[in-house]
Amino acid sequence: MKALIAYFSRRGMNYAPGGMVELKVGNTEVAARLAAELCDGELFEIRKVGDYPFDYRECVEVSKREMAENARPELAAAPPDMSSYDSLILCYPCWCGTMPMPVWTFLEGCGLSGKRILPLCTNEGSGMGRSEADIRRLCPEADVAPGLPVKGSAAKDAGPAIEAWLRSQGVI
């Protein structure tokens with residue numbers, strides 16, 4: 001099974017147990033790279049034009065505004081052609097109870113009809129939020145597998161959980 005691992009991740013100040021930490025590499029990118037290694041898939045970074053604020057609280061305010069406006073931020077790179085992939089491992093953090101709005105832009109720009117989508121959501125306690133339902137609504141002709149919530153601050157240690165999930169879904 002040929003998989004694309006598309007991920008949205010944010011560097012900068014981030015919430016973690018015990019307070020704020022500065023991330024040189026975002027938690028979701030760490031998890032996405034683990035998934036790519038495990039299934040020998042190709043990586044694609046979902047990035048919007050322009051960066052989110054470095055400061056966590058400022059970033060939260062921007063993301064809340066985007067959610068309230070149902071925004072579709074312009075992406076820095078167009079989604080890849082999905083015709084050669086069987087599945088999409090979609091990795092994102094839980095923002096405002098769902099996916100960041102650039103992920104919505106990405107999903108709407110992909111041809112995912114008949115494809116399998118495997119959501120992996122980093123979070124610090126909110127789990128998948130409503131993201132699985134949102135993916136199903138955005139991609140009604142895709143097969144959306146049960147997602148994997150990964151604690152963001154423990155993403156570097158999530159390899160065994162990611163491997164077990166990918167095996168249970170027949171990706172590896």
Side-chain angles (χ1 to χ4, degrees), residues 3-17 20-60 62-64 66-67 71 73 75-77 79-80 85 87-110 112 117-135 138-139 144-166 169 171:
L4 175 71
I5 297 85
Y7 69 94
F8 175 91
S9 193
R10 183 181 160 278
R11 299 164 191 86
M13 294 308 291
N14 202 342
Y15 174 78
M20 295 292 167
V21 295
E22 181 179 345
L23 300 178
K24 302 286 186 198
V25 177
N27 295 326
T28 308
E29 181 176 348
V30 170
R33 290 188 177 282
L34 287 169
E37 288 174 21
L38 288 163
C39 70
D40 196 28
E42 296 178 37
L43 280 169
F44 177 82
E45 183 178 8
I46 303 167
R47 290 187 3 213
K48 76 172 193 149
V49 172
D51 291 329
Y52 282 97
F54 176 84
D55 181 80
Y56 176 79
R57 288 175 184 84
E58 290 175 26
C59 182
V60 168
V62 171
S63 67
K64 283 181 184 177
E66 286 179 347
M67 182 67 62
L75 299 182
Y85 298 100
S87 59
L88 168 66
I89 299 170
L90 183 65
C91 306
Y92 52 89
C94 190
W95 282 14
C96 302
T98 189
M99 306 166 290
M101 296 313 287
V103 178
W104 294 59
T105 305
F106 172 83
L107 288 172
E108 291 174 344
C110 285
L112 294 170
I117 302 174
L118 296 95
L120 184 158
C121 180
T122 59
N123 65 88
E124 286 304 322
S126 56
M128 301 293 293
R130 66 179 181 279
S131 64
E132 291 167 298
D134 287 337
I135 294 168
L138 288 167
C139 306
V144 181
L148 177 68
V150 171
K151 188 166 185 173
S153 58
K156 68 182 184 326
D157 300 319
I162 294 171
E163 181 177 6
W165 174 64
L166 292 173
Q169 297 304 315
V171 177

If you compare all heavy atoms of [X] against all heavy atoms of [Y], which two are closest, and at what distance to 0.1 Å?
X: V21; Y: A16; result: CG2-CB, 3.9 Å
X: L118; Y: Q169; result: CD2-CB, 3.4 Å
X: A35; Y: L166; result: O-CD1, 4.0 Å
X: A145; Y: E132; result: O-OE2, 4.2 Å
X: P149; Y: M128; result: N-SD, 3.6 Å
X: T122; Y: G152; result: CB-CA, 4.1 Å

Going from [atom1] on [X] to [atom2] on [Y], what distance comes out if it is rounded to the nearest 0.5 angstrom?
X: E42; Y: I89; atom1: CD; atom2: CD1; result: 11.5 Å
X: I5; Y: Y85; atom1: CD1; atom2: OH; result: 8.5 Å
X: E45; Y: T28; atom1: CD; atom2: OG1; result: 10.5 Å
X: K151; Y: N123; atom1: NZ; atom2: CG; result: 9.0 Å
X: L34; Y: I162; atom1: CG; atom2: CD1; result: 5.0 Å
X: M13; Y: C59; atom1: CE; atom2: SG; result: 12.5 Å

Does any non-hydrogen side-chain atom of [Y] lie less than 4.5 Å from one of [X]?
X: P100; Y: S63; value: no
X: R11; Y: E29; value: yes
X: M101; Y: W95; value: no
X: E66; Y: Y52; value: yes
X: P93; Y: N27; value: no
X: S9; Y: L23; value: no
X: L43; Y: Y7; value: yes
X: C121; Y: Y92; value: yes

Q | No-hydrogen, no-angle side-chain donor-acceptor test under 3.5 Å, E124 and S153 | A | yes
Q: Go through the steps for F106 and F44 under the test ring pair (Phe, Tyr, Trp, His ring centres under 6.0 Å), then give the verdict.
A: CA-CA 11 Å; F106 172 83; F44 177 82; 5.7 Å; yes
(Q) Given L107, which partner from the list C139, P79, P102 fulfils the side-chain contact (heavy atoms from CB on, under 4.5 Å) test? (A) C139
(Q) Pair V103, I135 - check side chain to side chain contact (heavy atoms under 4.5 Å, CB included), show working. (A) CA-CA 10 Å; V103 178; I135 294 168; over 6 Å; no
**Q.** Exam field: side chain S131 to backbone M99, donor-acceptor pair closer than 3.5 Å
**A.** no
Q) Side chain of R10, backbone of V25: donor and acceptor closer than 3.5 Å? A) no
Q: Starting from the C-alpha separation in whole Å, work towards a yes-or-no answer on side chain to side chain contact (heavy atoms under 4.5 Å, CB included) for F54 and E22.
A: CA-CA 9 Å; F54 176 84; E22 181 179 345; 3.7 Å; yes
Q) Does atom CZ of R130 have more than 12 heavy-atom neighbours, drawn from other residues, nucleotides or ligands, at distances under 6.0 Å? A) yes
**Q.** Atom CG of D51 with >12 non-hydrogen neighbours under 6.0 angstrom
**A.** no
Q: Indicate the ring-plane relationship of Y56 and Y15, choosing parallel, tilted or perpendicular according to the 30° and 60° boundaries.
A: tilted
Q) Does a salt bridge link R33 with E37, judged by any charged N lying under 4.0 Å from a carboxylate O? A) no
Q | T98 vs D134, side chain to side chain donor-acceptor pair (under 3.5 Å): CA-CA, chis, key distance, verdict | A | CA-CA 8 Å; T98 189; D134 287 337; 2.6 Å; yes
